[in-house]
Amino acid sequence: MKRKEENYILPDQKQAARRSKTAADIQDDMFRLSDSAARLGQGKKYYIRTYGCQANVRDGETMAGMLELMGYIRTEVPEEGDVLIFNTCAVRQAAEERVLGEIGSLKPWKKEHPDRVIVLCGCMAQEEAIVRRVLDSYRQVDLIFGTHNIFRLPDLLYQVSRSHERVVEVLSEEGRVVENLPVRRSSTCKGYVNIMYGCNKFCTYCIVPYTRGKERSRRQEDIIDEVRQLKASGAKEVVLLGQNVNAYGKDLGLEDGFTGLLKATAETGIDRIRFYTSHPRDYSVTTIDAMKEYPNIMPSLHLPVQSGSDEVLRRMNRGYTSDSFKKLVDEMKARIPDITFTTDLIVGFPQETDEQFQETLDLVDYCRFDMAYSFVYSPREGTPAARMEDSIPLSVKKERLQILNERLAEHASRNNSAYLHRRLQVLCEGRSKKNENVYSGYSEHNKLVNFTGPEGLEGQIVEVEITACHSFSLDGKAV
Ligand code: SAH
Ligand code: SF4
Ligand code: F3S
């Protein structure tokens with residue numbers, strides 16, 4: 001496939017970093033499937049692999065919805081796909097290399113099947129350096145589009161099929177919020193609902209503000225409609241999604257928009273509500289009060305802290321100190337005594353000293369998180385931290401990660417042991433991936449519970465008695 005590069009629309013990270021002062025234009029666009037694309041998938045299959053956060057999972061569900069509207073049928077076997085979609089994450093380099101490795105290994109397959117279409121989308125597609133690399137060295141990729149024009153997938157596939165040429169359409173400026181998009185959900189009992197797109201925080205290590213654009217909130221009516229539809233279809237849990245949910249509605253001129261939205265979601269009567277991700281800087285007391293007031297807002301919170309060192313937090317541009325974070329956690333525990341906390345942590349930020357790492361361990365000891373995602377810092381091209389001097393060897397960083405993980409496991413294990421013999425309400429998501437003979441699901445406090453019970457519990461909220469506790473899961477039996 002050869003196509004003149006002037007037809008490509010390539011990403012531009014400098015443009016992506018710009019934030020206009022005016023509020024995002026929130027006038028909605030409506031998705032409509034064009035006649036030309038409508039029958040493209042008749043008799044064909046699609047395969048989609050999603051990496052990264054729940055925002056990407058939800059995007060994958062939208063893409064699946066569009067493809068099925070076009071007649072494509074899903075397959076779980078990549079080699080069977082007429083269209084193969086790689087819905088990627090850019091947050092750390094290791095994951096990016098894995099995706100490129102997988103696409104690389106499809107080269108011979110693509111030679112044998114020149115009519116099949118390989119698609120690269122998601123956050124990696126928003127990165128200049130990655131797109132350049134793919135254009136130069138991964139000729140098997142037929143279509144590249146970014147996170148701002150997912151709704152264009154049907155038309156872009158049509159363009160590829162008609163022209164037999166490579167198509168690249170990556171926008172660096174976010175457009176309007178598009179509504180009316182089809183969705184093929186991956187779970188029937190739990191549904192993801194975007195409440196906002198983008199991020200304005202610009203933590204110095206993070207690529208997301210460049211790959212996802214500025215904060216744009218959906219209108220509350222549209223969100224609540226989606227929650228109602230989920231409830232009507234039998235879902236028990238809704239997960240509200242945004243990179244920084246506490247900022248919901250700021251671009252719409254709402255004061256305390258997130259709390260209002262949370263209450264309205266609770267009023268729909270759906271059994272369970274969770275939300276990701278909260279930023280410690282913007283957490284408002286009214287949100288804690290809403291969590292306390294409505295029993296269907298689950299008593300667990302993912303609150304990424306990243307580091308326990310004030311100096312590192314300052315250089316990360318996080319906008320809080322370890323003391324203010326601890327205060328927030330204390331205040332929440334005071335109001336909602338059994339609340340559980342999970343977090344994200346980065347070790348080996350440029351020039352992080354042993355003392356600063358120790359401060360992170362101290363914070364972990366203080367907060368006693370129930371679970372944490374921990375990462376070695378990964379430099380991301382175009383972000384401020386990638387330009388900071390960094391003389392800490394990788395071996396030291398890896399050692400810190402190991403020490404941190406051991407500490408995290410100790411706290412997780414101690415917290416979990418408190419659940420022995422207790423009865424928990426567990427939303428049964430289905431059979432455990434590791435063992436067909438047990439069910440798995442999550443308790444109200446977001447504890448992973450593997451349990452035995454009679455046939456037919458999938459999708460139900462089940463009372464489970466806990467019989468054994470591990471660091472990152474509990475075992476039990478349905479009562
Ligand atoms: N919006 C969310 C999550 C963003 S990405 C938030 O602000 O919390 C998820 C996690 O990936 C982050 O919390 C951070 O811990 C980690 N992360 C982001 N950029 C990273 C980088 N360059 N290197 C290592 N970890 C990173
Ligand atoms: Fe990245 Fe920070 Fe935005 Fe989270 S809040 S997505 S870590 S820039
Ligand atoms: Fe990754 Fe993009 Fe989510 S970079 S974490 S998939 S917003």
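Any value given below was found using the heavy atoms of this structure, including those in side chains, with hydrogens, waters and symmetry copies removed. When a ligand or atom number is given, it counts from 1 through the structure's own listing order.
- The two residues Asn246 and Ser278 come nearest to each other via the heavy atoms OD1-CA, 3.1 Å.
- At a threshold of 4.5 Å between non-hydrogen side-chain atoms, the residues Asp330 and Tyr366 count as touching.
- Residue contacts with ligand 2, taken as heavy atom pairs separated by less than 4.0 Å, involve Val208 solely via side-chain atoms from C-beta onward.
- Contact check on Arg49 versus Glu102 returns a salt bridge, with a Lys/Arg side-chain nitrogen under 4.0 Å from an Asp/Glu carboxylate oxygen.
- For Phe202, every heavy-atom contact with ligand 2 shorter than 4.0 Å involves the backbone, none the side chain.
- For Arg318, the closest heavy-atom approach to ligand 2 falls below 4.0 Å.
- Atoms of ligand 3 found under 4.0 Å from any heavy atom of Arg212 (numbered from 1 in listed order, with element): 2 (Fe), 7 (S).
- Proximity to Gln243 (heavy-atom distance under 4.0 Å) selects the following atoms of ligand 2: 6 (S).
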Output block, N or O contacts of ligand 1, threshold 3.5 Å exclusive:
unit_1: ligand 1; atom_1: 1 (N); unit_2: Gln243; atom_2: O; d: 2.8
unit_1: ligand 1; atom_1: 1 (N); unit_2: Gln243; atom_2: OE1; d: 2.7
unit_1: ligand 1; atom_1: 11 (O); unit_2: Arg92; atom_2: NH1; d: 3.1
unit_1: ligand 1; atom_1: 13 (O); unit_2: Gln306; atom_2: NE2; d: 2.8
unit_1: ligand 1; atom_1: 13 (O); unit_2: Asp344; atom_2: OD2; d: 2.6
unit_1: ligand 1; atom_1: 15 (O); unit_2: Gln306; atom_2: OE1; d: 2.7
unit_1: ligand 1; atom_1: 22 (N); unit_2: Tyr205; atom_2: O; d: 3.0
unit_1: ligand 1; atom_1: 22 (N); unit_2: Ser378; atom_2: O; d: 2.7
unit_1: ligand 1; atom_1: 23 (N); unit_2: Ser378; atom_2: N; d: 2.9
unit_1: ligand 1; atom_1: 25 (N); unit_2: Arg92; atom_2: NH1; d: 3.4

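- For Arg152 and Phe145, the positive end is not near the middle of the six-membered ring at less than 6.0 Å and at most 45° from its axis.
- Near-neighbour remark for atom 1 (Fe) of ligand 3: protein N, O or S atoms under 2.8 Å are Cys89 SG; waters not counted.
- Here is the list of ligand 2 atoms found below 4.0 Å of a heavy atom in Cys206: 1 (Fe), 6 (S), 7 (S), 8 (S).
- In this structure a side-chain-to-backbone donor-acceptor pair under 3.5 Å is present from Thr343 to Val305.
- Using a 4.0 Å cut-off between charged nitrogen and carboxylate oxygen, Arg133 and Glu127 do not count as a salt-bridge pair.
- Those atoms of ligand 3 that come under 4.0 Å of a heavy atom in Gln243, given as number and element, are 7 (S).
- A donor-acceptor pair under 3.5 Å is absent between the side-chain atoms of Ser440 and the main chain of Val449, judged by distance alone.
- In this structure, atom 3 (Fe) of ligand 2 lies nearest to the protein heavy atom Cys199 SG, 2.3 Å.
- Nearest protein heavy-atom contact of atom 7 (S) of ligand 2 is Tyr205 OH, 3.4 Å.
- Nearest heavy-atom pair across Leu313 and Ser322 is CD1-N, 3.8 Å.
- The closest side-chain heavy-atom distance from His411 to Phe369 is not below 4.5 Å.
- Using a 4.5 Å heavy-atom cutoff, the side chains of Gln306 and Cys203 are not in contact.
- Those atoms of ligand 2 that come under 4.0 Å of a heavy atom in His279, given as number and element, are 5 (S).
- Residues Met291 and Ile339 meet the side-chain proximity criterion, which asks for heavy atoms closer than 4.5 Å.
- Salt-bridge annotation for Lys292 and Glu331: absent, with no side-chain N of the basic residue lying under 4.0 Å from a carboxylate O of the acidic one.
- Each of the atoms 8 (S) of ligand 2 lies under 4.0 Å from some heavy atom of Pro209.
- For the pair Val77/Lys45, no side-chain contact is recorded, criterion being any heavy-atom separation below 4.5 Å from C-beta on.
- When heavy-atom distances to ligand 2 are checked against a 4.0 Å cut-off, Cys203 comes that close through both its backbone and its side chain.
- Counting the atoms of ligand 2 from 1 in the order shown, those under 4.0 Å from a heavy atom of Lys201 are 3 (Fe), 5 (S).
- Using modelled atom types, one finds no donor on one side chain facing an acceptor on the other under 3.5 Å when comparing Ser307 with Ser309.
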Subject >> Gln358 and Asp354: CA distance, side-chain angles, deciding distance, side chain to side chain donor-acceptor pair (under 3.5 Å) verdict >> reply: CA-CA 6 Å; Gln358 184 58 46; Asp354 279 332; over 6 Å; no
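- Residues Leu303 and Phe325 have side chains in contact (heavy-atom distance under 4.5 Å, counting atoms from C-beta outward).
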